[in-house]
Amino acid sequence: MDDKPDPGPLSESSELFSFGVIADIQYADLEDGYNFQGSRRRYYSHSLLHLQCAIEHWNKESSPPCCVLQLGDIIDGYNAQYKASEKSLELVLNTFQTLKVPVHHTWGNHEFYNFSRDYLTNSKLNTRFLEDQIARHPETMPSESYYAYHFVPFPKFRFILLDAYDMSVLGVDQSSPKFQQCLKILREHNPNTELNSPQGLSEPQFVQFNGGFSQEQLNWLNEVLTFSDRNQEKVVIVSHLPIYPAASDSVCLAWNYRDVLAVIWSHECVVCFFAGHTHDGGYSEDPFGVHHVNIEGVIETAPDSQAFGTVHVYPDRMVLKGKGRVPDRIMNYKKEKAFHF
Ligand SMILES: Nc1ncnc2c1ncn2[C@@H]1O[C@H](COP(=O)(O)OP(=O)(O)O)[C@@H](O)[C@H]1O
C-alpha cells in the first residue's frame, strides 16, 4: 500500500525525533454516506479500522514517534442525532488507548455538534495536561477561555495547539454575550438564511461550520512565538482549521485566517502549520517559508487505502512520510535557520 517513491535524498544528518498526524476520523456506527455536495463518499464505521491500522503502524515503528497529533473531528456529528455521542467517543478513545505514545487532541466542528465546550473541557479530549510551562514567563500561559497550549517534545522544538473555534457559534451557550458577538460577526459576513451556506460570499470561510481566533488567543500566540524566536526554537502549529488559502478550499479556512498569518509572519520560528477539515488535503509553502499542510481526512478514505502520516524531524528539515492518500512532503527550514548540532 505504501509504494510511493522515497521523498528524495536525505542528507547525512540523523533524525532527531518524529511525530504522527491524523485528521477527521469522524467515526459513527453508520452505513457509508456522502458529503454535503454528494461528491465524496464517507466511510463512517470503517474510519475506526483506519485508526486502528494507523496505531498499529506507530506502535511497531522501531523508533516510535514522540506523540500523535489528532487534528480534530474525532467522531461525526451524526452521533448526536442518534444519541450515540458518548458511546462513539468512548470507542474511539479506547482505540487511542492502545497507542503507546501520548496523543494531543484538537477540537473541530464535529466535537461541537456532539458536545458543549464545557463538556469537552472536562473530557478526555482535553489534553492540556500534556502542556509544558515556561518558568518566569507568565505571558506564555494560555487563558482558560480558549483551548490552546504548547509543549516541547524535543529540546528546541515547540508545538502549539490552537483553538480555531474560540470565536464560533458552535458549542457556546446561546444566552452568552460571546455567542451574540460571534453570531454578529458571522451575520455581518454571511447574509444567507442558511448560515452553513457559502453561496454568494466574497469571503466564503464565513460559514457556521467554521470559527476563528480571539484577539486574546492571538496575543498569547504572539507571546509564545516571541519566546521561541528569542530562544531559537523551531515551532510546529496545529489547528483544526487551515489558515492559508493556497493550501485549502476557501470554504474551509478559519474566519480570521489573515490575523493568524500576520502573527506567524512577524516571527522567524514557525516551520509548519498542520490542519484538518479539508478532507481532500492540501499543501503550500507561503512567501515567508512556512509550510501549510492539510492532512487528508480519514472519513473520506476508502477501505483499501489509508490516511495518516509520520513527520520525521531533522536538524534542517521535517519530512512527512504519508500513508495511503497522504502524500510525502519535504519541509525545509527557512534559509540560514537550520540547526547545526
Ligand atoms: N454548501 C452548503 N450549504 C448548506 N449547508 C452546508 C453546505 N456545506 C455544508 N453544509 C452543512 O454544514 C454542516 C457541516 O458540513 P460537513 O460537510 O458535514 O462538514 P465537515 O466537512 O466538517 O464534515 C452539515 O450540517 C452540512 O449539511
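Along the sequence shown, residues carry numbers from 1. Note that ligands are numbered from 1 as they come in the structure, with each ligand's atoms numbered from 1 the same way.
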- Just say parallel, tilted or perpendicular for the rings of His291 and Tyr283, cut-offs at 30° and 60°. parallel

Inventory of protein N or O atoms under 3.5 Å from ligand 1 N or O:
from     : atom 1 : to     : atom 2 : distance (Å)
ligand 1 : 12 (O) : Asn196 : ND2    : 3.3
ligand 1 : 17 (O) : Arg42  : NH2    : 3.3
ligand 1 : 18 (O) : Arg42  : NH1    : 3.3
ligand 1 : 21 (O) : Arg42  : NH2    : 3.3
ligand 1 : 22 (O) : Asn109 : ND2    : 2.8
ligand 1 : 22 (O) : His110 : NE2    : 3.3
ligand 1 : 23 (O) : Gln26  : NE2    : 3.4
ligand 1 : 23 (O) : Arg42  : NH1    : 3.1
ligand 1 : 23 (O) : Arg42  : NH2    : 3.3
ligand 1 : 23 (O) : His110 : NE2    : 2.7

- Message: Please check if the number of heavy atoms outside Arg41 that lie under 6.0 Å from its CZ is greater than 12.
- Response: yes

- Which pair of heavy atoms, one from Phe115 and one from Glu86, lies closest together, and at what distance? CE2-CG, 4.2 Å

- Query: What residues, two or more places apart in sequence or in another chain, satisfy ring pair (Phe, Tyr, Trp, His ring centres under 6.0 Å) together with Tyr34?
  - Reply: none

- Would Lys323 and Asp328 count as a salt bridge (charged side-chain N to carboxylate O under 4.0 Å, His left out) if you check the C-alpha gap in whole Å, the side-chain angles of each, and the deciding distance to 0.1 Å? CA-CA 8 Å; Lys323 290 284 179 188; Asp328 294 338; over 6 Å; no

- Query: What are the two closest heavy atoms between Phe213 and Ala164, and how far apart are they?
  - Reply: CE2-CA, 3.7 Å

